[in-house]
Amino acid sequence: MHDGLESGRRKLEWARRHMPILEELSGEYRRRHPLEGLTIGLATHVEAKTGILVETLVKAGARVILAASDPMSTQDDVNAALSAQKHIISYAERGLSRDEYEAALLKVLDQAPDLIIDDAAELATRLHAKRPGLLRKVAGSAEQTTTGVYRLKAMEAKGALKIPAYAVNDTPMKRYFDNVHGTGESSLANIAIGTNLLLAGKNVVIVGYGYCGRGLAMKAKGWGAQVIVTEVDPRKALQAIMDGFHVMRLDSAARIGDFFITATGNINVISKRHMARMKDGAVLANAGHFDVEISLADLRETATSWNDVREGITEYILQRGKRLYLLAAGRLVNLTSPAAMGHPIEVMDQTFGVQLASAVHLYENRDKLEPRVYQVPDEVDMMVARIKLRTLNVEIDDLTVEQRRYLKTWVFD
Ligand code: NAI
């Protein structure tokens, strides 16, 4: 048997054992086949946890066509193990060129999907821009990440969105766990493993204090780092201060940071003027969706030379011999570093539980939906939360009838 195939199968098996939510949903979907006969177009980081999502979609009756949502995040062994299964076609591969990456996403669309499960709206945006003729067949899109929801809302605001989309990212079951704990733990783990450097006692600058940034800051503090936060939103800055972090302008943080981690979903947040102020040996990593947060153009312009000093670490030598180290070429550090495995399995079990249940809900309610961005109905998110608590053997209290009535009362005797 092909070595990659076997190791891919073992990775899938390990993930499967730790994904009880998908296990429970797949039991239900195997019985009632809610996605029977559908073609699902899926853009995702192709690795073991997404592999279990794909398998669960197939158990629900679908044929799944997938492409990577980052050119560097595919695990080829897992991809081989998935491609060997019936009803799964994959155009993913690690190390695709920009053109190949683009072509793979379009190939997914060319299979005329009935439903899209998306990451950063990579399929939804191309569907509208490059394959508008296929729009009518698509019931909608379930979007997994912050950047994708931003893009879909931008399309909606311009009247350009032609399909209903569920903002899966915005559910409590996704955001409070995946963005916070998943990004926090997996990014720090990859920075530590990739550099083999100590975080304790170092100045770690977190750029952006949204859900991901908050998780990164919390975890870095737990590792003993001195955490500095930079923000543009005054409320987020205040939140960071009251959570116990130093807040300052990036211009000031640039001078003292040992590690810089971006998590803004924004462009060029670390630019030339910050690089010019940084200390010799500063390490730069990105946890936001695209490789645009640390300006690569500015790094190249500022540097006199650069080379890969270790797998996943590029050394940029600036004037007077100052060195800056960029991890994972500025791509998602937790998904594209050499040893990256993405978020912890249990977190993705929750995310994919909501993603899957949302996709099914969207499809089953397609006739009632308009071309807009919808929040996922709370009952879908609650259902996944209840399954998770059950798998943890944790029981919680119920509201009494009296308490329910009290919470709805506004006239008191
Ligand atoms: P969010 O919207 O909650 O937070 C982003 C924060 O960045 C906001 O508070 C905003 O004010 C701040 N910000 C924007 N521009 C800034 C600038 N120039 N300087 C400083 N702060 C700035 O978004 P969330 O959920 O934290 O996601 C952030 C990014 O991470 C997105 O691209 C998202 O898709 C991605 N993401 C990555 C994951 C991973 O596995 N690495 C997992 C989940 C999300």
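Read the numbers this way: they start at 1 and go in the same order the structure lists the ligands and their atoms. Note that the structure is a prediction, hence the values are computed from the model and not measured.
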Exercise. At a non-hydrogen distance cut-off of under 4.0 Å, which region of Thr147 contacts ligand 1 (side chain, backbone, both, or neither)?
Worked result: both
Exercise. Do any nitrogen or oxygen atoms of Asn179 lie less than 3.5 angstrom from nitrogen or oxygen atoms of ligand 1?
Worked result: yes
Problem set entry | Heavy-atom donor-acceptor pair, Asn190 side chain to Ser186 backbone, under 3.5 Å | yes
Seminar exercise, completed: The closest protein heavy-atom partner of atom 28 (C) of ligand 1 is Ala263 O, 3.6 Å
Exercise. Would you find a donor on one side and an acceptor on the other, under 3.5 Å apart, between the side chain of Thr304 and the backbone of Ile317?
Worked result: yes
For this session: With heavy atoms of Lys236 as the reference, note each atom of ligand 1 found under 4.0 Å away.
Result: 9 (O)
Exercise. For ligand 1, is Phe290 a contact, meaning one of its heavy atoms is under 4.0 Å away?
Worked result: no
Exercise. Going by distance only, is there an N or O of Glu293 that falls short of 3.5 Å from an N or O of ligand 1?
Worked result: no
Exercise. So, are Asp170 and Arg175 salt-bridged, with charged N and O less than 4.0 Å apart?
Worked result: yes
Seminar exercise, completed: Min over Ala287, Gly210, Ala340 of heavy-atom distance to atom 37 (C) of ligand 1 lands on Ala287
Problem set entry | Among Val269, Asp178, Leu216, closest by any non-hydrogen atom to atom 17 (C) of ligand 1 | Val269
Enumerate donor-acceptor pairs with a distance under 3.5 Å from any side-chain N or O in residues 383-396 to protein atoms, sequence neighbours excluded.
unit_1	atom_1	unit_2	atom_2	d
Arg390	NH2	Glu24	OE1	3.4
Arg390	NH2	Glu24	OE2	2.3
Thr391	OG1	Lys388	O	2.6

Exercise. Any idea which atoms of ligand 1 are less than 4.0 Å away from a heavy-atom of Asp233?
Worked result: 11 (O)
Exercise. Salt bridge (charged side-chain N to carboxylate O under 4.0 Å, His left out) between Arg151 and Asp118: does it pass, once the steps are laid out?
Worked result: CA-CA 12 Å; Arg151 285 178 161 182; Asp118 217 352; over 6 Å; no
For this session: For Thr145, counting its heavy atoms only, list the atoms of ligand 1 lying under 4.0 Å from any of them.
Result: 33 (C), 34 (O), 36 (N), 43 (C), 44 (C)
Seminar exercise, completed: Contact region, Cys212 to ligand 1, non-hydrogen atoms below 4.0 Å, reads both
For this session: Report the part of His343 in contact with ligand 1, treating N, CA, C, O as backbone and CB onward as side chain, heavy atoms under 4.0 Å; options are side chain, backbone, both, neither.
Result: side chain
Exercise. Looking only at N/O atoms, are Val207 and ligand 1 under 3.5 Å apart anywhere?
Worked result: no
Exercise. Going by the atom numbers of ligand 1, which of them fall below 4.0 Å from some non-hydrogen atom of Gly265?
Worked result: 29 (C), 31 (C), 32 (O)
Exercise. Do NZ/NE/NH1/NH2 and the carboxylate oxygens of Lys153 and Glu156 come within less than 4.0 Å?
Worked result: no
Problem set entry | Nearest option to atom 19 (N) of ligand 1, as decided by whichever heavy atom of Thr183, Val292, Val232, Ile206 sits closest | Val232
Exercise. Given that the side chain starts at C-beta and the backbone is N, CA, C, O, which of these parts of Leu332 lies under 4.0 Å from ligand 1, counting heavy atoms, or is it both or neither?
Worked result: side chain
For this session: Run the salt-bridge test on Asp280 and Arg323 with the 4.0 Å N-O cut-off and return the result as yes or no.
Result: yes
Exercise. In terms of atom number and element, which parts of ligand 1 are under 4.0 angstrom from non-hydrogen atoms of Asn334?
Worked result: 39 (C), 40 (O), 41 (N)
Exercise. Judged by atom type as modelled, is there a donor-acceptor pair below 3.5 Å linking the side chain of Thr351 to the main-chain atoms of Lys174?
Worked result: no
Seminar exercise, completed: Checking heavy-atom distances from atom 6 (C) of ligand 1 to each of Arg331, Glu231, His289, the winner is Glu231
For this session: Please determine if Glu364 and Arg32 form a salt bridge, counting it only when a charged side-chain N lies under 4.0 Å from a carboxylate O.
Result: yes
Exercise. Is any NZ, NE, NH1 or NH2 atom of the basic residue among Arg126 and Glu102 found under 4.0 Å from an Asp or Glu carboxylate oxygen of the other?
Worked result: yes
For this session: Give yes or no for whether the N/O distance cutoff of 3.5 Å, strictly under, is met between Thr146 and ligand 1.
Result: yes
Problem set entry | side-chain hydrogen bond (donor to acceptor under 3.5 Å, both in side chains) between Glu47 and Thr50, worked out | CA-CA 6 Å; Glu47 45 78 57; Thr50 39; 3.3 Å; yes
Exercise. Does Gln350 use its side chain to pair, donor to acceptor, with the backbone of Met173 at less than 3.5 Å?
Worked result: yes
Seminar exercise, completed: Under 4.0 Å between heavy atoms, the region of Val333 that gets near ligand 1 turns out to be neither
Exercise. Do Arg10 and Glu6 sit within salt-bridge range, that is, some charged N less than 4.0 Å from a carboxylate O?
Worked result: yes
Problem set entry | Distance-only N or O hit between ligand 1 and Asn266, under 3.5 Å | yes
Problem set entry | Distance from atom 2 (O) of ligand 1 to nearest protein heavy atom, with residue and atom | Tyr150 OH, 2.5 Å
Problem set entry | Protein heavy-atom partner closest to atom 21 (N) of ligand 1 - residue, atom, separation in Å | Gly208 CA, 3.5 Å
Exercise. Mind checking what makes side-chain contact (heavy atoms from CB on, under 4.5 Å) contact with Tyr150, not counting sequence neighbours?
Worked result: Thr146
Problem set entry | Nearest neighbour in protein (non-hydrogen) for atom 30 (O) of ligand 1 | Gly288 CA, 3.5 Å
Exercise. Asn286 side chain to Gly330 main-chain N or O, any donor-acceptor pair under 3.5 Å?
Worked result: yes
For this session: For ligand 1, indicate whether the residue Thr264 contacts it via side chain, backbone, both or neither (heavy-atom separation under 4.0 Å).
Result: both
